[in-house]
Amino acid sequence: MTWTSPYSGRTFTTRPEGGFAEPPATEHATTAFHTHHHPLAQGDASSTPLTEREFCRPAVELALSLRLRDCRQQLAAKRYGVRPLWLTDPAGDSWACVLFRDDGLPTLTWQGGPRRLWDEAEAAYRWWTRQGEPPCHRFGLTVTPHGRHIWFHKPGNVLLTTP
């Protein structure tokens, strides 16, 4: 069975016991910049200690997929030692941009709109670390006549149900 994350578009495949398999390392989709993104000057600027290496991992992406409802991620290709990651709320005007850098300087962030998407993403990342940084196989999928249930640690601990 498979489940495709609405957050990132990545497909996660279940193992025989129901937990998700770790996606291949080469399967991380990147997108080109889109002109519909808001100018960064319109957002609130800050920084985060998180690096691309910490944040852009399949298990983190899976946790964010489950914790950030109605949010979409777009990870751009790396150019000149920087990689932008955009978070958008398709239902509204909320957005965030994170600029991961290879130069060792802090990761810059901007966010705008009523929903503070980067704050939500950092909170979801902290939830994941408090759980012991679980790998993908600690999350799983069960399909019933009532929907697809994505769970953490055991099938009874459902985090998300979809039709």
Side-chain angles (χ1 to χ4, degrees), residues 1-37 48 50-79 82-100 107 109 111 113 115-163:
M1 291 185 293
T2 63
W3 176 72
T4 301
S5 162
Y7 170 76
S8 65
R10 185 191 301 258
T11 299
F12 292 87
T13 304
T14 57
R15 301 176 341 167
E17 69 280 358
F20 287 115
E22 187 82 12
T26 59
E27 187 203 324
H28 203 296
T30 59
T31 60
F33 285 105
H34 295 279
T35 57
H36 68 273
H37 289 303
T48 180
L50 291 174
T51 65
E52 178 183 357
R53 186 168 185 240
E54 292 169 315
F55 195 77
C56 296
R57 297 185 278 177
V60 173
E61 185 179 315
L62 181 54
L64 269 66
S65 296
L66 301 170
R67 306 286 296 182
L68 271 76
R69 305 289 167 82
D70 302 319
C71 180
R72 303 293 180 263
Q73 167 195 286
Q74 294 177 327
L75 182 65
K78 186 177 286 190
R79 294 178 61 184
V82 297
R83 180 184 304 257
L85 175 119
W86 286 90
L87 302 175
T88 56
D89 178 352
D93 288 332
S94 297
W95 59 273
C97 179
V98 181
L99 191 62
F100 294 114
T107 299
T109 68
Q111 60 184 331
R115 189 172 170 196
R116 310 310 286 175
L117 293 175
W118 181 247
D119 296 344
E120 289 184 37
E122 281 190 317
Y125 180 85
R126 285 190 303 274
W127 174 86
W128 179 77
T129 60
R130 284 192 309 273
Q131 305 311 310
E133 299 186 8
C136 290
H137 73 267
R138 296 271 313 277
F139 298 87
L141 172 68
T142 303
V143 178
T144 70
H146 303 289
R148 299 162 61 95
H149 309 283
I150 300 168
W151 45 264
F152 172 64
H153 188 55
K154 58 186 175 185
N157 190 18
V158 175
L159 297 176
L160 177 68
T161 297
T162 61

Legend entry - Closest approach of Leu141 to Trp151 (non-hydrogen atoms, all atoms of both residues): N-NE1, 3.4 Å
Legend entry - Side chain proximity check, Phe139 to Leu159, heavy atoms < 4.5 angstrom: yes
Legend entry - Nearest heavy atoms of Arg83 and Ala76, plus distance in Å: CG-O, 3.1 Å
Inset, instruction - Return yes if some donor-acceptor pair links the side-chain N/O of Arg53 with the main-chain N/O of Leu50 below 3.5 Å, else return no. - result: no
Legend entry - Minimum side-chain heavy-atom gap Gln73-Leu75 below 4.5 Å: yes
Legend entry - Flag side-chain contact, heavy atom, 4.5 Å: Glu122 against Thr48: yes
Legend entry - Separation between CG of Leu66 and OG of Ser5, rounded to the nearest 0.5 Å: 7.5 Å
Inset, instruction - Using a 4.5 Å cut-off on heavy atoms from C-beta on, say whether the side chain of Glu52 contacts that of Lys78. - result: yes
Legend entry - Ser94 side chain vs Asp89 backbone, donor-acceptor pair below 3.5 Å: no
Inset, instruction - Provide the closest heavy-atom pair for Val82 versus Leu99 in the form atom of the first, atom of the second, distance. - result: CB-CD1, 4.0 Å
Inset, instruction - Specify the closest pair of heavy atoms between Thr129 and Arg126, including all atoms of both residues, with the distance to one decimal. - result: OG1-O, 2.8 Å
Inset, instruction - Check whether any side-chain heavy atom of Glu61 lies under 4.5 Å from a side-chain heavy atom of Cys56, and answer yes or no. - result: no
Inset, instruction - Kindly compute the distance separating CZ (Phe55) from OG1 (Thr107), expressed to the nearest 0.5 Å. - result: 10.0 Å
Inset, instruction - Output the distance between atom CZ (Arg69) and atom CG (Leu160), rounded to the nearest 0.5 Å. - result: 4.5 Å
Legend entry - Euclidean distance, Ser8 OG relative to Arg72 CZ, rounded to 0.5 Å: 10.0 Å
Show me, pair by pair, the donor-acceptor contacts under 3.5 angstrom made by side chains of residues 13-24, not counting sequence neighbours?
{"unit_1": "Thr14", "atom_1": "OG1", "unit_2": "Met1", "atom_2": "N", "d": "3.3"}
{"unit_1": "Thr14", "atom_1": "OG1", "unit_2": "Met1", "atom_2": "O", "d": "3.1"}
{"unit_1": "Arg15", "atom_1": "NE", "unit_2": "Glu17", "atom_2": "OE2", "d": "2.6"}
{"unit_1": "Arg15", "atom_1": "NH2", "unit_2": "Glu17", "atom_2": "OE2", "d": "2.6"}

Legend entry - Trp128 (side chain) donor-acceptor with Pro134 (main chain) under 3.5 angstrom: yes
Legend entry - Min side-chain heavy-atom separation Arg115-Asp70 under 4.5 Å: yes
Inset, instruction - Would you check if the distance from the ring center of Phe152 to the ring center of Trp127 is below 6.0 Å? - result: yes
Legend entry - Gap between atom CZ of Arg116 and atom CH2 of Trp95 - 0.5 Å precision: 8.5 Å
Inset, instruction - Please report the closest heavy-atom contact between Glu120 and Leu68, naming both atoms and the distance. - result: O-CD1, 3.6 Å
Inset, instruction - Rounded to the nearest 0.5 Å, what's the gap from SG on Cys71 to OH on Tyr7? Could you check? - result: 6.0 Å
